[in-house]
Every structure is written in structure tokens, then in C-alpha cells.
Amino acid sequence: MTKQDDSTGMRKGLVNYGDAGFSLFLRKAFIKGAGLTDNALERPVIGIADTGSGYNPCHGNMPQLIEAVQRGIMLAGGLPVRFPTISIGESFATPTSMYLRNLMSMDTEEMLRAQPMDAVVLIGGCDKTVPAQLMGAASAGLPAIQLITGSMLTGSHRGETVGACTDCRRYWGKFRAEEIDQQEIDDVNNQLVASVGTCSVMGTASTMACIAEALGMTVPGCASPPAVTSARMRVAEHTGTVAVQMAKSGLTIDKILTEKAFENAMRVLLAIGGSTNAIVHLTAIAGRLGFEVDLKALDRMGRETPVLVDLKPSGAHYMEHFHAAGGMTTLLRELKPLLHLDALTVTGRTLGEELESASPPFQQDVIRTRENPIYPQGGIAVLQGNLAPGGAIIKQSAADPKLMEHEGRAVVFEGLQDLAERIDSDALDVKADDILVLKNIGPKGAPGMPEAGYIPLPRKLARQGVKDMVRISDGRMSGTAFGTIVLHVTPESAVGGPFAHVRNGDRIRLSVKQREISLLVSDEELARRAREQPVQVPTADRGYRKLFLTTVTQADKGVDFDFLAAPEIKGTVPRA
Ligand code: FES
């Protein structure tokens, strides 16, 4: 094999002892202590970012995945080196996993910079992990390839197929409405997560898996195989092999994550009825490479991109069915006229070339044709108005069509504590056609923009059979949730946006058709309220919380830290 130069393999990024020869001598001595030979150390070094954690069952197949990746790397003549980074399991991280996404991205970036590797395999799956890894890798600039852990299997509850987490919410809603008893809610709790792996619907994890493939950051077919299948392990082995090719050819991440790649990813996000969270994540990843997301252009793209994937929460099926229907190959083939087929992927071939060489299409009923969509427009619409001058979004494909043109009286909750204290009170003055408003759950507000935008229906209305209401917040919502829910109101209330000054009884108008979210209160009155009750922006005395509150950006900038974005803006995506 060819001799390495000074900028590759174990010679890369030597520790500063003032004597490069000694630094390499020392490094080799230590790694030989792990049993490696000189022959092994001459090979391209492929880092493997291991995000296994007892707190992250969505990554519970990590040992098997790493074994398969290592096999793929060695078959291609590389040296695999596993290293740990932070792992974030969605339901185990308080106050919210989003609070830690940027920390994980910094950990990933700095470990890629600090340790000698010619390429890296990033293994992620649970909601924030894939965005964090892509953000970090985009900033580090190495050849990088994403491997997805894969979705969990579905379970069965009294004859009905169930899976996390759309059904978690649905059954919890039934329990709150007293439609099911304690025994049934306990029974279903045993069935919702039938194996390790990520949520089995088109939530944030599945959305980011599809987006990673659409970006060209995975091998073809990586998004959909469930976590515990042989197909997932073959994808892992293939990923290892491709990582070595990338290291040898110098295929760095900036050559893949171009404007065209981001536009392809946005098309896919809209066509899968994907999670609203993905907009924030895509904005943050693009920001690392100097691209700003134009929300209005994204909305225009949405008007001409139908939802084709029939998965919960917008549709009926689960990820394992998406996989059986051909997964991303079937979807991308259907979207071909709307995609940039010349976008480069990790394999060194273009998206179009990969689609040409894929297996032929077959009859299935999970991924529709453009002529027969699940929903005629993209899943997500961008709203504007005096309530959200910087924009807000709604997942229209998971909303009640009857509520999408609605005017109602605001019932305001000042924060999560206030919500918890009053939402189930029989004394709460609320009717089914009111609009629930939840403040102070934005990036700085909670902090970390928790997924609390899915405001539970007041118990007294749930008992009456009310299934949906218009709900508005400056927070996020789980990609597995459904309802007529306006999210990401920007600027958030905690920094003094107009949303901070909504009061009980104000009238609010939502028109998804007009892309409007308006507070029917005059500018003068809002200015008077702002003078009367000025907002105190949250602060902290020390630590990560201080860094977070000082530097986190709003939703329209990806909720990234301001110092992590690329220093120069290269352009906007999607291009108008
Ligand atoms: Fe990890 Fe849903 S909780 S993917």
C-alpha cells in the first residue's frame, strides 16, 4: 500500500511536544499498547463515533453496528478506531434533549478535529443525535458518513399494531379522557417499544434518517431498515467500506452538503410529512456551511411538493412498512423530477446514478405516486403575521382541516408551570373553539425549546370528546405528534417578541390558506403592554447554561449557538 504522508493516518494532528518525531513515536508506542502492529498503523484511519449509552435504548444495537462497520472498514483496507461522544436519549435528558444538541455537536466537532482520523463514521439515530453529528462534522470538514441506528419494531396491543410514539400520545390522550382504564394503559406501555431502535413512525428520528440519505450523507438504503434486522447490519458494513473509499479519495463533507443537497433534503422533508423539528435542524446544519434557510422559499417549495408517504402521524403505517415498500429508493424515484439528481453522495456517485442502479420498482401501498398523494401539498406550512414577525410553522398534514381557518379567543398559559397547574382544572375558562397559547418554551425560555408545543387538551374538554384545538407556542413539538398546532413562534416570548404580550381574551386568527397567524390587537396596544410589563430575558451565572442562554439563536437560525455558524454567508436555501 502507498506510504502515508504527514497529513494522514496516525501522523495526522500530532500532539504538541515541540518535537514532531517524538510525538509520533509516543503515539505509536501507546496505540501499540492496545495490540496494534505497524502494518495496521500504516492504513487509513477511520474513526467511528460511538453513541451507545444505557440512557439511550434507541441506540441499543450500537455494539452490533460497530462490529459490522469495523468489518467493512477492514475489508476495504482501513483501520477502524472507535471513540465515544455524548449520546442523547430523547426521554432521558432534562430539561429537553434540544438543550444538549449543540453540546453534542461541539463534542463531535472537537473530537473529529483533535484525534487522528482520515474519515469518520457517525452513528446516530435518536432525534437530536443525527443533527448534532452532522452539525459537528460539517464544521470539522473531514470526509464523514452517517450511519443510522434504525427504527424499532412495532408492537401489538389487543390486536392493534402500535409503535412509539404517535400511539403513546394517542393512548395517553384516551387515558386522560377516561376512555381507557389503568390496566389498559399499563398493558399498552409494554407494547409501544417492541425492540431497541428509534421511534417507529415518521417522527424526528425517522425524518432525520430520511433527510441524511437525501442529503447524500449515507449509503443508499440507509434510512429505513429496522434496527434489529440483517439489512441494517449490511448497511453498517457497507458504510465502513465506503468510509475508507472517502478517506482515500478525500471526499470531504463540504462537497456533499451543497445547496443542491439541502434542497433535495427539504423536498424529502415535505414529501414524507416529516417532523417540524427537522426545519430547525436543517437550518443549523446549513448554517455551519454558510447557508441561510429562506422560510418563505421553503413554503413555496411546499406548495408544489405533495406528501407521498403514508406513515403516522400524517398517515397510517410505520417505518418497517416504509422499508418493505422500498424505502428512500421508492420515494426518491417518485420525486425525481423535483430533485437535483446531480448532487454528489458519499459513494462518490450522484443521487441520479444511485437511483439508476437501484432495484426496479414494484407494487406497494405505503409510498404513493405524485398523482395520488396522501396530502396535495408539503406537510409543513410557514406562517407569518404580527404574532410571529420572524415566522412560525404548522404541520398541516397532521392538523384538523376544520381548524386550519379559525379565529378564536386566546387562553394563555405563561409557562410550563402555569400550564401544569391549570390545564386540568374544572375552573379553567375554556371552550372548544378557543385557542390555547403557551409562552416561554422557546430557545431561551424553557430553556432549550422543549417539545411541549403539543399542549394537552384541557381535561374537561377531553372528557366532552374534544379531539383537537388550535394551539400556539414558541416551542417545538415531537415529530410523532398530531393536531392543529402552531410552533416555533419567532421571536420567542422570553426575548420580548409580540408573543410575550398576548393576554387572555385577545382574538387570534389562523389562516393556513393565507399563511397567516395574527393577533387582532393594535400595534399601539402591544407597545403599551410592552412598556407596562417589560420582559426579563433569562440569564444564568455559570456553566453550560450560561453559554446556552448567552449565545443561542432563535428558531429561524436553527437554535444553534451564534459562534458556531460559519463566519460568512454563502447563500440561501432553497434558492427562490
Ligand atoms: Fe429516540 Fe424516539 S425516543 S427516536
Side-chain angles (χ1 to χ4, degrees), residues 1-54 56 59 61-87 104 106-124 129 133 136-137 139-147 149 219 233-253 346:
M1 77 174 284
T2 49
K3 201 95 177 119
Q4 291 174 311
D5 65 35
D6 283 351
S7 61
T8 61
M10 284 295 163
R11 291 168 178 78
K12 206 175 170 189
L14 291 172
V15 180
N16 281 329
Y17 294 120
D19 177 347
F22 177 68
S23 297
L24 182 60
F25 171 75
L26 202 65
R27 174 176 286 175
K28 284 175 115 176
F30 273 98
I31 203 155
K32 283 177 180 175
L36 277 79
T37 61
D38 278 317
N39 178 23
L41 298 180
E42 289 302 315
R43 297 182 184 262
V45 177
I46 311 298
I48 304 172
D50 173 357
T51 53
S53 161
N56 196 348
H59 294 195
N61 57 346
M62 192 64 58
Q64 295 88 343
L65 286 173
I66 289 174
E67 186 188 332
V69 171
Q70 287 174 328
R71 185 169 64 244
I73 292 170
M74 289 194 283
L75 284 170
L79 173 65
V81 182
R82 184 193 65 79
F83 64 96
T85 73
I86 293 173
S87 184
M104 182 173 174
M106 290 168 75
D107 180 5
T108 304
E109 174 183 347
E110 296 308 326
M111 288 300 102
L112 300 195
R113 286 186 193 283
Q115 302 171 134
M117 61 188 87
D118 299 304
V120 63
V121 176
L122 308 158
I123 312 182
T129 59
Q133 291 183 318
S139 295
L142 292 177
I145 182 168
Q146 185 78 54
L147 173 62
T149 59
V219 297
M233 296 308 140
R234 288 193 295 275
V235 165
E237 183 189 296
H238 187 200
T239 300
T241 298
V242 171
V244 179
Q245 291 164 11
M246 293 175 78
K248 287 178 177 169
S249 66
L251 182 52
T252 48
I253 193 166
V346 284

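Each residue takes its place number in the sequence, starting with 1. Fair warning: this is a prediction, and the values are worked out from it, not measured in the lab. Heavy-atom basis, side chains included; hydrogens, waters and symmetry copies ignored.
- In this structure, Leu65 and Met233 have side chains that are in contact, with non-hydrogen atoms separated by less than 4.5 Å.
- The shortest distance between side-chain heavy atoms of Asp38 and Lys28 falls below 4.5 Å.
- Contact record, Thr149 with Asn61: O-ND2, 2.8 Å, taken as the closest heavy-atom pair.
- The line from CD1 of Ile31 to CG of Leu26 is 12.0 Å long, rounded to the nearest 0.5 Å.
- Contact check on Lys248 versus Asp118 returns no salt bridge, with no Lys/Arg side-chain nitrogen under 4.0 Å from an Asp/Glu carboxylate oxygen.
- A distance-only check finds a donor-acceptor pair linking the side chain of Ser23 to the backbone of Val15 [under 3.5 Å].
- When all heavy atoms are compared, the tightest approach of Glu42 to Arg11 is OE2-NH2, 3.5 Å.
- Closest heavy-atom contact between Ala243 and Val121: CB-CG2, 3.7 Å.
- Remark: side-chain polar atoms of Glu110 are not paired, donor with acceptor, to backbone N or O of Met106 under 3.5 angstrom.
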*Given the rule in the side chain to side chain contact (heavy atoms under 4.5 Å, CB included) test, do Gln245 and Val346 qualify, once you have shown the distances and angles that lead to the verdict?*
CA-CA 9 Å; Gln245 291 164 11; Val346 284; over 6 Å; no
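- In this structure, Thr51 contributes its side chain and Ile123 its backbone to a donor-acceptor pair below 3.5 Å.
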*Please assess Met10 against Arg43 for the test side chain to side chain contact (heavy atoms under 4.5 Å, CB included), listing each intermediate value before the final yes or no.*
CA-CA 9 Å; Met10 284 295 163; Arg43 297 182 184 262; over 6 Å; no
_Working note: Leu41 + Lys32, criterion side chain to side chain contact (heavy atoms under 4.5 Å, CB included); need CA distance, chi angles, decisive distance, verdict._
CA-CA 9 Å; Leu41 298 180; Lys32 283 177 180 175; 4.2 Å; yes
*List the steps, then state whether side chain to side chain contact (heavy atoms under 4.5 Å, CB included) holds for Met104 with Gln133.*
CA-CA 7 Å; Met104 182 173 174; Gln133 291 183 318; 4.0 Å; yes
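- Side-chain atoms of Pro116 and Val45, non-hydrogen and from C-beta on, never get closer than 4.5 Å to each other.
- When every heavy atom of Ala137 is checked against every heavy atom of Leu112, the shortest pair comes out as CA-CD1, 3.9 Å.
- Nearest heavy-atom pair across Ser87 and Asn56 is OG-ND2, 2.9 Å.
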Pair up each side-chain donor or acceptor in residues 66-84 with any protein partner under 3.5 Å, not counting sequence neighbours, and list the distances.
residue, atom, partner, partner atom, Å
Arg71, NE, Glu237, OE1, 2.8
Arg71, NH2, Glu237, OE1, 3.3
Arg82, NH1, Asp50, OD2, 2.7

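- Distance check: Gln64 CD to Met62 CE gives 10.0 Å after rounding to the nearest 0.5 Å.
- Rounding to the nearest 0.5 angstrom, the gap separating the CD1 atom in Ile48 from the CD1 atom in Ile145 is 11.5 Å.
- Using a 4.5 Å cut-off on side-chain heavy atoms (C-beta onward), Thr129 and His59 make contact.
- Minimum interatomic distance between Ile253 and Gly141 (heavy atoms only, all atoms of both residues): CG2-CA, 3.9 Å.
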